Amino acid sequence: MKPDLPEIRQATISQDDVDDLFRDVELLCTLRSVRVRGATDDRDAESSLQAARDSLRNAADAAVQLRYHFDSREWIDTLTSDGPTIQLTRIADAF
C-alpha cells in the first residue's frame with residue numbers, strides 16, 4: 001500500500017498576491033518558521049516575515065519558505081522570484 005502523500009499545488013502569482021499571502025499568514029495563522037535564500041548566499045537563514053517579503057520584492061533571485069499552521073493542517077509555502085512574478089509551491093499535510 002502506498003503511503004498518503006501530502007497535497008501539493010503550484011501557481012504563478014503576482015506581487016500583490018504575495019502581499020495578500022504574507023498578510024494572511026501574519027493575521028490568521030500560527031507561523032512556525034520563515035527561511036530565506038538568495039543567489040549571493042548558498043545558505044538559507046531564519047528570517048522574519050517582513051525581511052522575507054522585502055527579499056522577494058527586491059531580489060530577482062530570492063527564495064522564501066514559510067511554514068505555518070492553519071485550519072488543522074501544516075502548510076509549507078515555497079516562493080521563488082524570477083522578477084515580476086513569483087512561483088508558489090504549496091504543500092499541505094494533516095497536523
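None of these values were measured; they are calculated from a predicted model.
Atoms CG and CZ, from L88 and R9 in turn, are 11.0 Å apart once rounded to the nearest 0.5 Å. Between the CZ atom of R67 and the SG atom of C29 there is a distance of 14.5 Å, given to the nearest 0.5 Å. R35 CZ to L66 CG: the interatomic distance, rounded to the nearest 0.5 Å, is 12.0 Å. Interatomic distance, I86 CD1 to D16 CG, rounded to the nearest 0.5 Å: 11.5 Å. Distance CZ/R90 to OG1/T78: 10.5 Å, rounded to 0.5 Å. Summarising the geometry, atom CG belonging to D93 is positioned 7.5 Å from atom CZ belonging to R73; distances are rounded to the nearest 0.5 Å.
Using a 4.5 Å cut-off on side-chain heavy atoms (C-beta onward), L79 and I13 make contact.
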Side-chain donor/acceptor pairs under 3.5 Å, residues 18-28, sequence neighbours excluded:
{"from": "D19", "atom 1": "OD1", "to": "R53", "atom 2": "NE", "distance (Å)": "2.5"}
{"from": "D19", "atom 1": "OD1", "to": "R53", "atom 2": "NH2", "distance (Å)": "2.9"}
{"from": "D19", "atom 1": "OD1", "to": "R57", "atom 2": "NH2", "distance (Å)": "2.9"}
{"from": "D20", "atom 1": "OD1", "to": "R23", "atom 2": "NH1", "distance (Å)": "3.1"}

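A single hydrophobic cluster is seen to contain both L49 and W75, as judged by linkage of ILVMFWY side chains at heavy-atom distances under 4.5 Å, directly or through other members.
Across all their heavy atoms, V36 and S55 have their closest contact at CG1-OG, 3.6 Å. Here the shortest heavy-atom pairing between A52 and V34 reads CB-CG1, 3.5 Å.
Judged as a side chain to side chain donor-acceptor pair (under 3.5 Å), and not counting sequence neighbours, the contacts of D17 are S14.
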Inset, instruction - Would you check, one step at a time, whether the test side chain to side chain contact (heavy atoms under 4.5 Å, CB included) holds for T89 with T80? - result: CA-CA 9 Å; T89 302; T80 53; over 6 Å; no
